Structure formats: C-alpha cells, structure tokens
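Every chain is numbered from 1 and lettered A, B, ... according to where its sequence line falls, protein lines coming before strand lines. Keep in mind that this is a model prediction, so the values were computed, not measured.
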2 protein chains.
Amino acid sequence: MKRTINLKGTAKELAQQLSEESCKKTIVIFGFCKAIFDGRIKSFLPGGDRLLIVKKDESLILHGSKGVKPLNWQKSGAGKINYSAKGSTLVVSTFRPKTKETLEILFTRVYQTTTFDDHDSATLNIFGSESDLSDYLFDHPEIIGPDFQPTTREYETPFGFIDLRGVDKHGNIIIVEVKKQSATPADAHQLKRYVDYFQDVEKVSVRGVLVAAGFSEKVLSLLRTYDFKPVVVFWQEIFPSKATLNMSHTLDDFYNNNPK
Amino acid sequence: MKRTINLKGTAKELAQQLSEESCKKTIVIFGFCKAIFDGRIKSFLPGGDRLLIVKKDESLILHGSKGVKPLNWQKSGAGKINYSAKGSTLVVSTFRPKTKETLEILFTRVYQTTTFDDHDSATLNIFGSESDLSDYLFDHPEIIGPDFQPTTREYETPFGFIDLRGVDKHGNIIIVEVKKQSATPADAHQLKRYVDYFQDVEKVSVRGVLVAAGFSEKVLSLLRTYDFKPVVVFWQEIFPSKATLNMSHTLDDFYNNNPK
DNA sequence: CGTGCCAGGTGCCCT
DNA sequence: AGGGCACTTGGCACG
C-alpha cells in the first residue's frame with residue numbers, strides 16, 4: 001500500500017477529498033495562495049507559492065520559500081479545519097472559537113496535493129537541557145565555588161522556582177540561577193527577585209550566583225550593582241560525555257534498530 | 001512548466017539529484033527516518049514516518065505527525081546541507097561550523113521526493129503588535145487613568161526601554177509597561193526595575209502601571225507589594241478598527257489583486 | 001556581528 | 001483549564 005497519494009481534480013473535488021482525508025492522513029498542498037489571519041493580531045499575506053501542511057491532529061502550517069518559521073499556522077486542538085471551493089479557488093479555513101481567531105487560505109492555483117499516511121510512535125529524546133545542567137551542578141558544586149554546598153533543586157518561592165539552592169561554609173544561603181545560554185538582563189532581575197525574597201521574608205544573608213554560557217557588559221554591570229557572582233559554564237563542552245552515558249541504552253537502539 | 005516534480009531512483013540517484021537541486025528549489029521528502037542532533041543540545045529521534053522540507057535558503061525542517069513545532073531543524077545560513085547515500089539509506093546531513101552543531105537524518109525508506117519550484121516575493125503584513133498598542137495608549141491616555149498625561153514613547157534607561165512614560169496632575173512620573181498578553185511575574189519585576197531606576201537616579205516620586213490582557217493572582221500580589229497599578233486592556237477588541245484603517249490600502253490590494 | 005527583546009511565540013509540566 | 005517558564009526558542013531592529 002502506498003504511503004503517499006497525489007490527488008487530482010477540480011477545486012471542488014479536491015475540497016471533497018480533503019474533507020474526507022482530514023484527521024486520517026497528513027495533507028500537503030503545493031500551490032499559489034493568499035492568506036488572512038484575524039485574532040490576537042491581524043495579518044495578511046499577498047499571493048505567492050506556498051507549502052501547506054495539515055497534520056492528523058489538525059495542526060496547520062503554511063510555509064513560504066524562506067525561513068524555519070511558518071508564515072501562518074494553527075495549533076492542534078484550536079478548531080476545525082474546513083476545505084471548500086469558491087469557483088476554481090480552494091479555500092482552507094480555520095476558526096478558533098475560544099479566541100475568535102480565523103485563518104483563511106485561498107489557493108488560486110494548486111500544483112500538487114499529496115496525502116501522507118504516516119505512522120510515528122517515536123518520541124524525541126533530548127539531553128542537555130537547563131534541568132540537566134542544574135543536575136550536573138548539583139553533583140559538581142565546586143564549579144559554583146570552592147565552598148558551595150548544594151541543598152535543594154527546584155525550590156519553590158512565591159516569586160518562582162529557584163534552580164539551585166545551597167549554603168557556604170559560613171552558613172550563608174546561596175541562590176543559583178542557571179541559564180544554558182548567554183545571560184540576559186531579565187535573568188539578573190529574576191535572580192534579584194529570589195534573593196530579595198529570602199532577605200525580606202526569611203531575614204537571612206543571601207548570596208546570588210548566576211550561571212550562564214556568557215555575560216555581556218550590561219549584565220555584568222547589573223550583577224555588580226546587585227553584588228551577584230557570574231559563573232561561566234561551557235555546558236556544551238561538559239555534557240557530551242554525560243549525554244552519551246545517559247542516552248547510551250537508547251542510542252544503542254538508535255544505531256542498531258532496523259525499521260520494521 | 002510544472003512547478004512540482006516527483007523524483008525517482010535509488011538512494012544514490014536521489015542524493016545526486018537533490019545535490020543538484022539544492023538551493024534552486026524547495027525539496028520535500030516523505031519517508032521513514034531516524035535523526036540525531038548534536039550541538040547546543042543532544043537529541044535523537046527513533047525511526048518514524050516524517051516530512052522533510054529543505055528550502056532554497058538552506059533552512060531545513062523535519063516534521064513529525066503532530067504539532068506545529070518541527071522535530072528537528074536547521075536555520076538558514078547555518079551551514080551546508082549534504083545529500084548522500086549509505087547503501088539503500090538516503091542521508092541528509094548538516095554541519096554548522098560556528099556552533100559545531102551536526103544534524104544527521106537517515107531515510108531508510110523514501111516514499112516520495114518532490115521538488116517545488118516556488119516563487120514568492122510577498123511579505124507578511126502584520127498589525128497589532130505591542131508597539132501598536134503602546135502607540136494607541138499614547139493617543140488614548142484615559143485608558144491608563146483619568147489624570148495620565150503621556151510624555152515619551154520608548155524611553156531608554158540602563159535597565160532597558162520603557163514603553164510609555166508620562167506624568168499625573170501632581171507632576172509625579174508615571175512609568176507604563178505594556179504587555180499584549182497576560183502579565184507574568186517577570187513583567188512586574190521588569191517594571192519594578194524601571195521604577196527603582198527613576199527613584200534612585202532622578203530622586204523623584206514614581207508610579208508604576210502595568211498594562212496587560214490579564215493578571216493572575218500571583219502577579220496581582222506582586223503588584224500590590226510594589227504598589228503598582230494593573231490595567232486590563234482588551235486589545236483584541238480595540239485594534240480591529242485601527243488595523244483596518246492602517247491596512248486598508250494594502251487590504252484593497254489583497255482582496256482585488258488577482259494572481260499573475 | 002553581538003545584544004536586547006518581542007512573538008499570533010510553542011510546548012511542557014505543574015496545580 | 002490556567003499559570004509559570006524553558007526553548008537547538010526564531011526573528012528583527014539597533015548599536
């Protein structure tokens with residue numbers, strides 16, 4: 001049985017076939033279209049050649065000729081997708097009741113319509129997230145400082161979750177905010193929020209540490225103002241070995257597993 | 001001349017044809033593949049039916065059967081895309097020199113390979129951004145408060161740009177932070193930093209106002225702590241008329257323009 | 001080119 | 001269902 005089928009017919013016939021295949025197969029349309037979106041914002045897209053994907057979960061993605069980000073889209077579960085014909089124009093439209101958002105895509109030319117009977121039960125496995133970095137720092141506290149003793153991961157406060165909490169040898173609380181990327185001013189402010197919480201509410205001496213891949217001059221200046229310590233961590237150079245370790249059993253599947 | 005062409009052949013022949021078409025046409029592959037990504041993060045994706053898009057600008061998008069977000073991707077300009085064959089397996093691989101990121105996609109089955117000779121010079125037109133909302137509030141200060149007198153848009157401080165600045169009838173400075181969506185704790189704190197800046201540096205009395213589509217209890221509690229005023233704005237109900245006005249000349253094109 | 005920041009952000013996990 | 005937040009965030013505008 002063929003996995004992909006290329007549909008033929010007039011706009012009306014296509015609309016009919018697509019309505020039947022909807023939610024059963026992935027639908028891909030190559031064509032010339034305009035699109036108009038109205039909801040949280042208004043956007044309109046003049047005519048051009050586009051690639052439309054409609055998945056079985058009713059997520060809709062309209063791609064132009066450039067870039068990773070779609071021109072227009074609709075999330076899964078947002079609302080029903082309708083296929084209809086206005087003369088020779090194939091109309092794909094969605095309506096999201098909750099937010100009263102509408103998306104209308106008008107194909108004045110359809111070059112190719114493909115249905116894809118895809119089966120995929122696999123899930124993407126990821127290692128190297130911020131959470132993994134926090135775990136790593138918990139196990140390697142000397143990276144934060146010579147006298148850092150971690151106590152808690154994911155500590156909740158009314159101001160948010162603290163990535164890593166610990167003490168120094170004097171018993172001072174140390175709050176660590178962990179970022180995988182370069183630090184932003186918002187990161188420094190976020191840490192300030194946590195430190196303020198402990199100083200105001202728990203009436204104790206608190207030191208703030210911001211871990212990141214890099215620090216701009218602006219952020220460094222902020223950290224000096226708040227008397228926080230920046231710690232540069234080259235996470236990309238640290239995690240591969242650990243990643244390979246953690247993922248080895250699954251990676252083994254990956255390299256040895258043959259498709260059914 | 002046909003806009004879409006479906007290629008045939010062995011993995012080796014496909015790799016050869018795709019190498020030639022690369023950057024000239026959009027390439028779409030329907031197939032069964034695994035993928036492994038190594039860079040800022042490590043990810044691997046077990047076998048499944050997938051849809052691969054490679055655009056002319058060398059942005060690469062690998063879609064699974066669900067969701068708007070791709071499973072794996074590569075940004076335009078990141079690095080060269082290579083097509084090769086390992087036995088009957090079609091291998092699409094990318095290398096991003098700057099971050100030493102690699103993505104390898106192994107198609108053990110190719111159901112269909114389509115090239116799309118797409119032409120698109122149009123750009124997406126949008127109205128309703130946060131900037132538009134700030135403009136609107138500048139023109140309708142009564143929404144902020146009965147005695148709010150706006151003075152400056154996009155006022156720069158060492159802590160960042162202030163969306164809207166003004167005074168009340170007593171001459172107190174009012175700092176307005178504008179968010180189109182529901183307010184987050186970070187938004188409240190961002191405003192706090194601005195207000196602190198003016199009170200510390202300019203030694204004046206400052207009131208803070210946070211404009212957003214909605215406020216959670218947590219954020220409201222924060223605002224009470226800081227003595228800031230929340231203002232709910234139903235931007236979605238305000239902007240359509242303005243949007244239509246601003247976009248009318250282009251919308252006219254949109255509705256009347258026929259495809260070439 | 002880096003830095004900062006908005007986005008129709010999306011997705012994930014939590015209550 | 002709604003909040004809080006990370007993200008290979010992406011993309012843009014600006015110094």
Side-chain angles (χ1 to χ4, degrees), chain A residues 37-43 59 61 66-78 94 96 98-103 124 126-134 154 156-161 163 177-187 190 214-219 235-236, chain B residues 37-43 59-62 66-78 94 96 98-103 124 126-134 154 156 159-161 163 178-188 190 213-220 222 235-236 239:
Chain A
F37 174 79
D38 194 348
R40 284 162 286 182
I41 64 153
K42 256 181 195 284
S43 84
S59 40
I61 310 163
K66 289 186 297 189
V68 169
K69 196 187 175 188
L71 294 165
N72 284 106
W73 64 93
Q74 169 92 281
K75 282 198 290 186
S76 164
T94 72
R96 186 175 181 169
K98 177 151 226 160
T99 49
K100 289 179 187 163
E101 288 173 334
T102 58
L103 173 60
L124 185 65
I126 285 180
F127 184 84
S129 63
E130 189 201 272
S131 171
D132 293 322
L133 175 51
S134 294
E154 293 289 300
E156 188 176 12
T157 76
F159 283 70
F161 279 86
D163 290 326
E177 175 63 26
V178 179
K179 294 291 162 184
K180 256 181 53 192
Q181 307 178 238
S182 282
T184 66
D187 298 334
Q190 187 182 356
F215 294 88
S216 69
E217 195 41 57
K218 195 161 194 168
V219 174
W235 179 227
Q236 199 175 141
Chain B
F37 175 77
D38 193 348
R40 284 162 284 181
I41 211 168
K42 254 182 196 284
S43 84
S59 39
L60 177 155
I61 310 163
L62 183 65
K66 292 188 294 189
V68 170
K69 195 186 176 189
L71 294 166
N72 284 106
W73 64 93
Q74 168 95 283
K75 282 201 290 189
S76 162
T94 72
R96 186 175 183 172
K98 177 155 225 156
T99 48
K100 289 180 186 163
E101 288 173 334
T102 59
L103 173 61
L124 184 67
I126 285 181
F127 183 84
S129 64
E130 187 201 273
S131 170
D132 293 323
L133 176 51
S134 294
E154 293 289 299
E156 188 177 11
F159 284 118
F161 278 85
D163 291 326
V178 179
K179 294 292 161 185
K180 258 182 55 191
Q181 307 178 237
S182 281
T184 66
D187 297 333
Q190 185 182 0
F215 294 88
S216 68
E217 196 41 58
K218 196 163 195 169
V219 173
L220 284 175
L222 268 176
W235 178 229
Q236 198 175 142
F239 78 83

_Separation of atom CZ in A:Phe37 from atom P in C:dA7, rounded to whole Å_ = 13 Å
*Quantified in whole Å, what is the C1' atom distance between nucleotide C:dC14 and nucleotide D:dT8?*
24 Å
_Residues in salt bridge (Lys or Arg N to Asp or Glu O under 4.0 Å) contact with A:Glu156, at least two apart in sequence or another chain_ = none
_B:Asn72 vs A:Lys98, nearer the 5' end of DNA chain D by closest nucleotide_ = A:Lys98
*Got a second to check how far A:Phe127's CZ is from B:Ile41's CD1, nearest 0.5 Å?*
9.5 Å
All N/O contacts under 3.5 Å from nucleotides 9-13 of chain C to the protein, with atom names and distances to one decimal?
from: C:dG9; atom 1: OP1; to: A:Arg40; atom 2: NH1; distance (Å): 3.1
from: C:dG9; atom 1: OP1; to: B:Gln181; atom 2: NE2; distance (Å): 3.4
from: C:dG9; atom 1: OP2; to: B:Gln181; atom 2: OE1; distance (Å): 3.3
from: C:dT10; atom 1: OP1; to: A:Trp73; atom 2: NE1; distance (Å): 2.4
from: C:dG11; atom 1: OP1; to: B:Val68; atom 2: N; distance (Å): 2.9
from: C:dG11; atom 1: OP1; to: B:Lys69; atom 2: N; distance (Å): 3.0

Could you go through residues 66-75 of chain B and list every donor-acceptor pair under 3.5 Å that involves a side-chain atom there, pairing it with any protein atom two or more places apart or in another chain?
from: B:Asn72; atom 1: ND2; to: B:Ser43; atom 2: OG; distance (Å): 3.4
from: B:Gln74; atom 1: NE2; to: B:Thr94; atom 2: OG1; distance (Å): 2.7

*asked:* For D:dT8 and B:Lys100 - does any side-chain N or O of the residue sit under 4.0 Å from the phosphate oxygens OP1/OP2?
replied: no
*Just jot down the side chain to side chain contact (heavy atoms under 4.5 Å, CB included) partners of A:Glu154, sequence neighbours excluded, or say none.*
A:Phe161, A:Asp163
*Just how far, in rounded Å, is P of C:dC5 from CG of A:Asp187?*
11 Å
_Interatomic spacing from CD in B:Glu130 to CD in B:Gln181 - rounded to 0.5 Å_ = 9.5 Å
_Can you check the distance between C:dG8 and C:dG4, where both ends of the measurement are the P atom (answer in whole Å)?_
22 Å
_List the residues meeting side chain to side chain donor-acceptor pair (under 3.5 Å) with A:Glu101, not counting sequence neighbours, and say none if there are none._
A:Arg40, A:Arg96, A:Thr99
_Tell me every residue that passes side chain to side chain donor-acceptor pair (under 3.5 Å) with B:Ser129, counting only those two or more places apart in sequence or in another chain._
B:Asp132
_Taking side chain to side chain contact (heavy atoms under 4.5 Å, CB included) as the definition, give me every residue that meets it alongside A:Leu133, ordered by chain and number, with sequence neighbours left out._
A:Leu137, A:Val178, A:Lys180, A:Val233, A:Trp235
*asked:* Just the rounded figure in Å: distance from P of C:dA7 to NZ of A:Lys42.
replied: 18 Å
*asked:* Going by the rule side chain to side chain donor-acceptor pair (under 3.5 Å), which residues pair with B:Ser134 if we only count those two or more places apart in sequence or in a different chain?
replied: none
_Interatomic distance where CH2 belongs to A:Trp235 and P belongs to D:dC7 [whole Å]_ = 11 Å
_Separation of D:dT9 P from A:Leu124 CG (nearest whole Å)_ = 14 Å
Please write out each protein N/O paired with an N/O of nucleotides 3-6 of chain D under 3.5 Å, distance rounded to 0.1 Å.
from: D:dG4; atom 1: OP1; to: B:Ser216; atom 2: OG; distance (Å): 3.4
from: D:dG4; atom 1: OP2; to: B:Ser216; atom 2: OG; distance (Å): 2.7
from: D:dA6; atom 1: OP1; to: A:Lys179; atom 2: NZ; distance (Å): 3.3

*Taking atom C1' in both D:dA6 and D:dG10, compute the distance separating them and give it to the nearest angstrom.*
14 Å
*asked:* Can you measure B:Ile61 atom CD1 to D:dG10 atom C1' for me and round it to whole angstrom units?
replied: 11 Å
